[in-house]
Amino acid sequence: VSPHFMFNVLNNMVALARKQSDQLEPSLIKLSSLMRYMLYEADEEKVSLEKEIDYLRSYIDLQQQRFGKQVSVDVIIHPADDQYEIEPMLLIPFVENAFKHGTGMIENARILVEMKAQKGLLQFMVENKYNPASEEVRDKTSGIGLTNVKRRLNLLYGKKHDLQISKSNELFTTNLKIQLAP
């Protein structure tokens with residue numbers, strides 16, 4: 001997770017503290033769980049899919065708190081039909097990318113995250129609205145996240161995964177399918 005994200009979350013928490021908001025405590029708990037996952041779980045070879053989902057949800061919740069009504073976020077996670085394991089931090093780059101490039105100067109910004117794990121197949125889709133007219137490089141690390149996750153997927157899953165990335169009708173979509181063992 002980028003330092004920029006952490007500073008934004010901490011600034012949001014300062015604002016919540018000043019307003020004496022009831023949202024401060026749950027936000028601190030979510031940030032704590034993010035940090036715990038990154039420090040302790042990310043070193044594991046595999047984690048339960050549920051832990052990875054919890055991490056994604058905490059990240060998304062903190063981003064939603066940051067952006068408020070500036071971005072519409074829908075998360076659809078279908079219950080898994082078994083106990084699956086996945087490499088930690090494998091899915092977050094797609095969600096980070098959606099918030100990085102699907103917010104800001106985008107009218108009616110929206111992000112959709114959908115996941116399903118059935119019969120040993122993980123299907124993970126992230127879609128965000130983007131502005132094709134403003135496809136300037138946002139920073140020096142632009143594009144590195146997706147390149148790294150592609151390399152990681154190839155190393156970990158080889159032909160047992162399929163990643164499709166597309167841009168059309170002002171939508172940027174990533175579709176990932178991975179064959180998982182229960």
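Keep in mind the model is a prediction, meaning the values are calculated, not measured.
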**Asked** Can you tell if the side chain of L56 reaches within under 4.5 Å of the side chain of M115, non-hydrogen atoms only?
**Response** yes

**Prompt:** Looking only at atom types and distance, does a side-chain atom of Q123 sit under 3.5 Å from a main-chain N or O of N175, one as donor and one as acceptor?
**Reply:** no

**Prompt:** How would you list, by chain and number, every residue that makes a side chain to side chain contact (heavy atoms under 4.5 Å, CB included) with L156, sequence neighbours excluded?
**Reply:** E87, L90, R152

**Prompt:** Side chains of L10 and L31: does their closest heavy-atom pair fall under 4.5 Å?
**Reply:** yes

**Nearest atoms (heavy-atom pairs only) where V149 meets P93** = CG2-CG, 4.2 Å

**Prompt:** Counting N and O atoms only, with roles assigned by atom type, does the side chain of D74 sit under 3.5 Å from a partner on the main chain of L112, one being a donor and the other an acceptor?
**Reply:** no

**Prompt:** What is the minimum heavy-atom distance between Q118 and P79, and which atoms define it?
**Reply:** NE2-O, 2.8 Å

**Request:** Examine distances only and state if a side-chain atom of K129 and a backbone atom of I111 form a donor-acceptor pair shorter than 3.5 Å.
**Result:** no

**Prompt:** Counting heavy atoms not belonging to K177, are there more than 12 under 6.0 Å from its NZ?
**Reply:** no

**Message:** If we ignore hydrogens and angles and just use 3.5 Å, is the side chain of N154 paired with the main-chain N or O of K150 as donor and acceptor?
**Reply:** yes

**Asked** Are side-chain heavy atoms of Q65 and D61 found at a separation under 4.5 Å?
**Response** no

**Asked** Can you tell me how far CZ of R66 sits from CG of N8, rounded to the nearest 0.5 angstrom?
**Response** 3.5 Å

**Prompt:** Side chains of R151 and N148: does their closest heavy-atom pair fall under 4.5 Å?
**Reply:** yes

**Asked** Under 3.5 Å, is there a donor-acceptor pair between the side chain of E52 and the main chain of M89?
**Response** yes

**Request:** Side-chain contact test, heavy atoms from C-beta onward, threshold under 4.5 Å: evaluate it for E127 versus R110 and give yes or no.
**Result:** yes

**Asked** Mind checking whether M35 and S32 have side chains closer than 4.5 Å, heavy atoms only?
**Response** no

**Prompt:** Is it true that a side-chain atom of S33 and a backbone atom of K30 form a donor plus acceptor pair closer than 3.5 Å?
**Reply:** yes

**Request:** Please report the shortest heavy-atom distance between G102 and N128, naming the atom on each side.
**Result:** CA-ND2, 3.4 Å

**Message:** If you compare all heavy atoms of F172 against all heavy atoms of K167, which two are closest, and at what distance to 0.1 Å?
**Reply:** CD1-CG, 3.4 Å

**Prompt:** Step by step, would you call E85 with V47 a side-chain contact (heavy atoms from CB on, under 4.5 Å)?
**Reply:** CA-CA 5 Å; E85 289 189 328; V47 295; over 6 Å; no

**Prompt:** Do L153 and L176 have side chains that get closer than 4.5 Å, going by heavy atoms?
**Reply:** yes

**Prompt:** Are L146 and F94 close enough that some pair of their side-chain heavy atoms sits under 4.5 Å apart?
**Reply:** yes

**Prompt:** What residues form a salt bridge (Lys or Arg N to Asp or Glu O under 4.0 Å) with D54, not counting sequence neighbours?
**Reply:** none

**Request:** Evaluate side-chain contact (heavy atoms from CB on, under 4.5 Å) for L16 paired with V14, printing each intermediate quantity in order.
**Result:** CA-CA 5 Å; L16 292 174; V14 167; over 6 Å; no

**Asked** Is there a side-chain contact (heavy atoms from CB on, under 4.5 Å) between V113 and I60 once you walk through the steps?
**Response** CA-CA 10 Å; V113 177; I60 291 167; 4.2 Å; yes

**Request:** Look at the aromatic rings of F99 and Y59 and report parallel, tilted or perpendicular, splitting at 30° and 60°.
**Result:** perpendicular

**Request:** Quick one: list whatever passes side chain to side chain contact (heavy atoms under 4.5 Å, CB included) with A117, sequence neighbours left out.
**Result:** L49, A80, Y84, L122

**Asked** Is there a side-chain contact (heavy atoms from CB on, under 4.5 Å) between T173 and I165 once you walk through the steps?
**Response** CA-CA 6 Å; T173 306; I165 299 174; over 6 Å; no

